[in-house]
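I have placed the structure first, in the form of structure tokens, so that the comments after it can refer back to it.
FYI, side chains are in, hydrogens and waters are out, and symmetry mates aren't considered; it's all heavy atoms of this structure. Counting starts at 1 for both ligands and their atoms, following the listed order. Note that the structure is predicted; figures quoted are calculated from it, not measured.
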Amino acid sequence: MKKFLIAPSILSADFFRLGQEIQSVLDAGADMIHFDVMDGFYVPNLTFGPLVLHALRKNNITATIDVHLMANPSDKLIMDFIYSGADYITLHVDSTNHLDQKISLIKDNGCKAGIAFNPATSIFCLDYIIEKIDLILLMSVNPGLGGQKFINSILKKIVLVNKIIKKFNKRILLQIDGGINLKNIQDIALAGADTFVIGSSIFNSCNYVNIISEFRKKLNLI
Ligand code: DX5
Ligand code: ZN
């Protein structure tokens, strides 16, 4: 497994050419695809569902896809994403009263599980669920939109969570999501993150190969 993973968030892609956009960033060196699902209730925006993921898989997008569920994680929605080919499903800890049951549902059906914390959400529950999870997503913007500014106070949260992860001898991705750019990615990596969700900084650039290699160069200096 690579030390640092770059996960373009397709929320900022050109939805008219979604398949080609995903293929282009993968050809440009992206390690996985971040699939932002918004239901219009947990966050005000509405994006896409399992049918879009299924279409990507049907058209030979075989890369790792992490589904970021900014939604009410009903058992049906979770199962539909698993059947459609999600590699990871990440739930917001405050989006359900039954986090342990939902994480077990994801794991019991052969999918990797992640939990997401909004910028001001405490990481207190980590101790009681960390054994079951494969990914921790720390939001560095308030969920619902791409193109927002990175919230710097998250850096100390990354240091804290990285220390907790280090105590376990299994690979748990520490994924940071929101406002990542060429100026701040090194600080985020130095704080302990290993997986970087990048939306507008990649999809707003006119050359995906250049921008991803610029991010890679920054990370290779760590
Ligand atoms: C926001 C999403 C993020 C967002 C990141 O709710 O979860 O994944 O698309 O986009 P940028 O990198 O533009 O902040
Ligand atoms: Zn996201």
* How close does the nearest protein non-hydrogen atom get to atom 13 (O) of ligand 1, and which residue and atom is it? ->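 Going atom by atom, the protein heavy atom closest to atom 13 (O) of ligand 1 ends up being S200 OG, 2.5 Å.
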
* When you check the space around the Zn ion (ligand 2), which protein N, O or S atoms turn up under 2.8 Å? ->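 Protein N, O or S atoms closer than 2.8 Å to the Zn ion (ligand 2): H34 NE2, D36 OD1, H68 ND1, D177 OD2.
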
* Asked: Do the side chain of Q175 and the main chain of V197 share a donor and acceptor less than 3.5 angstrom apart?
  ->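 Checking the backbone N and O of V197 against the side chain of Q175, no donor-acceptor pair under 3.5 Å is found.
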
Going by distance only, is there an N or O of [X] that falls short of 3.5 Å from an N or O of ligand 1?
X	answer
M38	no
G147	yes
N142	no

* G179 touching ligand 1 at heavy-atom level, < 4.0 angstrom -> yes

* Asked: Are the aromatic ring centres of F35 and F48 under 6.0 angstrom apart?
  ->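 Yes, close enough.
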
Does this structure show an ion pair linking [X] with [Y], if we count only N-O contacts that are shorter than 4.0 Å?
X	Y	value
D87	R57	yes
D66	K112	no
K167	D127	no

* If hydrogens are left out, which of G199, S12, A13 has an atom nearest to atom 12 (O) of ligand 1, that is, the closest non-hydrogen atom? -> G199

* Report the part of V43 (side chain from C-beta onward, or backbone N, CA, C, O) that has a heavy atom under 4.0 Å from ligand 1; answer both or neither where that applies. =>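 For V43, there is no contact with ligand 1 at all, from either part.
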
* Part of S9 within contact of ligand 1 (heavy atoms, under 4.0 Å) ->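 Answer for S9: side chain.
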
* **Per-atom contacts of ligand 1 with H34, taking only distances under 4.0 Å to non-hydrogen atoms** =>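 The list of qualifying atoms is 8 (O).
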
* Check F203 against S12 and note the closest heavy-atom contact, atom names and distance. => CB-O, 3.2 Å

